[in-house]
Asker: 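Take a look at the following structure, please.
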Protein chains: 4
Amino acid sequence: MINRVVLVGRLTKDPELRYTPNTGIAVTTFTLAVSRNFTNQQGERDADFVPIVVWRTQAEHCANYLRKGSLAGIDGRIQTRSYDTPEGQRRFVTEIVADNVRFLDPKQKSGGDNQESYSNFGQEVDEDVPF
Amino acid sequence: MINRVVLVGRLTKDPELRYTPNTGIAVTTFTLAVSRNFTNQQGERDADFVPIVVWRTQAEHCANYLRKGSLAGIDGRIQTRSYDTPEGQRRFVTEIVADNVRFLDPKQKSGGDNQESYSNFGQEVDEDVPF
Amino acid sequence: MINRVVLVGRLTKDPELRYTPNTGIAVTTFTLAVSRNFTNQQGERDADFVPIVVWRTQAEHCANYLRKGSLAGIDGRIQTRSYDTPEGQRRFVTEIVADNVRFLDPKQKSGGDNQESYSNFGQEVDEDVPF
Amino acid sequence: MINRVVLVGRLTKDPELRYTPNTGIAVTTFTLAVSRNFTNQQGERDADFVPIVVWRTQAEHCANYLRKGSLAGIDGRIQTRSYDTPEGQRRFVTEIVADNVRFLDPKQKSGGDNQESYSNFGQEVDEDVPF
DNA sequence: TTTT
DNA sequence: TTTT
């Protein structure tokens, strides 16, 4: 079924990089603050605080390049899970699993490109189009 | 900031229609089961169970036309809230506020159109395009 | 950069399956009619007619299961190209390259499952979650 | 039906603001260059060049705050039109009608907030939630 | 006709 | 607490 989420916002804290215990896969998690485009009854502009999960290569890119306050774009999907607390209560979690994270802050002058491109293998090839 | 969610899935139960206590605005809530397009290690196809909130006119359309098992498309945004339990614990809630709900089940023969169109006022008009 | 498109609509014709001349990769193309949710000044409900391109395995699934009038959900990205006409004019084309196509028509009774699931390799694994 | 597009990219030129001849409604148009996240066979990173249309109040905001090279996020829908050339050929146009444009460049120090918030009337109200 |  |  279709499950697609796109967000642009800022990290509330530095991202956290971990590795899965059994298979050693990189996972980075952070919360994205996405300001709403309307103000509440107190005249403040509220935000939604969305938990983000990133896997593998992109997890490590995120841990390297994102910090508290960084502007990021997320293209992913909603995932729901449940777990049981030590006190025996079932708790439900909703989070966004990112397929793609874009770093939207301006590039630092003395650095290099902060987002690597990857090669096109396994993708369609412009040079061989049938129409 | 950008906050956009698109889902297609099936209602896990009949929708629930309520009215806000102070202002009497219609709100419908339901959970959408969105099957994943991969199978888990047990070979089952899992799903994500996403809480949906619909306001006003569309809330009433949903209550009229959707039932447990109905196929629906949702175009909306993520919203997070927190509340305190009677036991004094802060709990976090993530839900999708629908801007637009599409009813994707085949139309019943003897019924009419099950999704009303609305007029175009307040929208741009094809007949007056400047280019 | 972020480039995401989600559509639900119906095929205006049967899909066309071809193979790229050099590399023999399957490509299916069709047009999706996406009705607008407002009516025009004549009180008709208009539609947008969106060209869709699907590659590889999904191209063949689409050619097998979709027909004129089929309801389909598309998750993909916008792609623009230019080409030169035989008369030497440059022409610009916009189309949607589908990452994922969902078949939304009700399943036929005597058939089987019309959308194959695929295994989870190369994806994160629920059973090994670090938090 | 569902028709949703989200893009992040940079303007290829300054935006153009016009007014519809009959009704005097503001319309701004520009092209958004959305870099692809893969490189082509020449090792260059390509882009898609997407025509954007913005109406009314947001049209004027865009004309005021966006320039060639500005980073912008677009939340909108695909629209297709056809028109006949003076030479009597039918030509097809695909463009994105923006519901929402976000200005993603860092704010200038000496300016103010460059994106106005608007009040919440006609929206649901957090303080009156039924559950 | 294309942006960083 | 989950749908086909």
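Just so it is clear: chains get the letters A, B, ... in the order the sequence lines come, proteins before strands, and each one is counted from 1.
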Asker: Atom CG of D:L66 and atom C1' of E:dT2: how far apart are they, to the nearest Å?
Answerer: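 Taking atom C1' of E:dT2 as the reference, CG of D:L66 is at 16 Å.
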
Asker: Of the listed nucleotides (F:dT2, F:dT4, E:dT2), which one gets closest to any side-chain atom of B:T12?
Answerer: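 Looking only at heavy atoms from C-beta outward on B:T12, the closest nucleotide is F:dT2.
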
Asker: Atom CZ of B:R10 to atom C1' of F:dT4: distance rounded to whole Å?
Answerer: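 For the pair B:R10 CZ and F:dT4 C1', the rounded distance is 5 Å.
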
Asker: Are A:D84 and A:R90 ion-paired here, with the side-chain N under 4.0 Å from a carboxylate O?
Answerer: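 Yes, this pair counts.
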
Asker: Looking only at the side chain of B:A33 (C-beta and beyond, no hydrogens), which of the listed nucleotides F:dT3, E:dT3, E:dT1 gets closest?
Answerer: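 Given the options F:dT3, E:dT3, E:dT1, the side chain of B:A33 is closest to F:dT3.
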
Asker: Can you list everything that forms a side-chain contact (heavy atoms from CB on, under 4.5 Å) with B:N64? Sequence neighbours excluded, please.
Answerer: none

Asker: Roughly, in whole Å, what's the span from CG in D:D48 to P in E:dT3?
Answerer: 14 Å

Asker: B:L32 CG to F:dT4 P: how many Å, rounded?
Answerer: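 To the nearest whole Å, that distance equals 12 Å.
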
Asker: Between E:dT2, F:dT3, E:dT3, which nucleotide has the shortest distance from any of its atoms to the side chain of D:K68?
Answerer: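 Output: E:dT3.
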
Asker: How close or far is atom C1' of E:dT4 from atom CZ of D:R36, stated in whole angstroms?
Answerer: 16 Å

Asker: Heavy atoms from C-beta onward define the side chain here; which of E:dT3, F:dT2, E:dT1 lies closest to that of B:T31?
Answerer: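 The answer is F:dT2, which lies nearest to the side chain.
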
Asker: When you measure from the side chain of C:F92, which nucleotide among E:dT3, F:dT3, E:dT2 comes out closest?
Answerer: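 Closest of the options to the side chain of C:F92: E:dT2.
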
Asker: Does this structure show an ion pair linking D:R4 with D:D99, if we count only N-O contacts that are shorter than 4.0 Å?
Answerer: yes

Asker: Which whole-number value in Å describes the distance from B:L11 CG to F:dT4 P?
Answerer: 10 Å

Asker: Send over the distance from C:R91 CZ to E:dT1 P, rounded to a whole Å.
Answerer: 13 Å

Asker: Kindly write out the residues that satisfy side-chain contact (heavy atoms from CB on, under 4.5 Å) with C:T85, not counting sequence neighbours, or none if the list is empty.
Answerer: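 Testing C:T85 for side-chain contact (heavy atoms from CB on, under 4.5 Å), a comparison that skips the adjacent residues, returns C:Y83, C:E87, C:Q89, C:R91.
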
Asker: Please give, in whole Å, the distance from F:dT3 C1' to B:D46 CG?
Answerer: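 Atom CG in B:D46 sits about 12 Å away from atom C1' in F:dT3.
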
Asker: Determine the minimum heavy-atom distance between D:L104 and D:G73, stating which atoms define it.
Answerer: CD1-N, 3.7 Å

Asker: If you check every side-chain atom of C:R90, which of E:dT1, E:dT2, F:dT3 has the closest atom?
Answerer: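 Output: E:dT1.
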
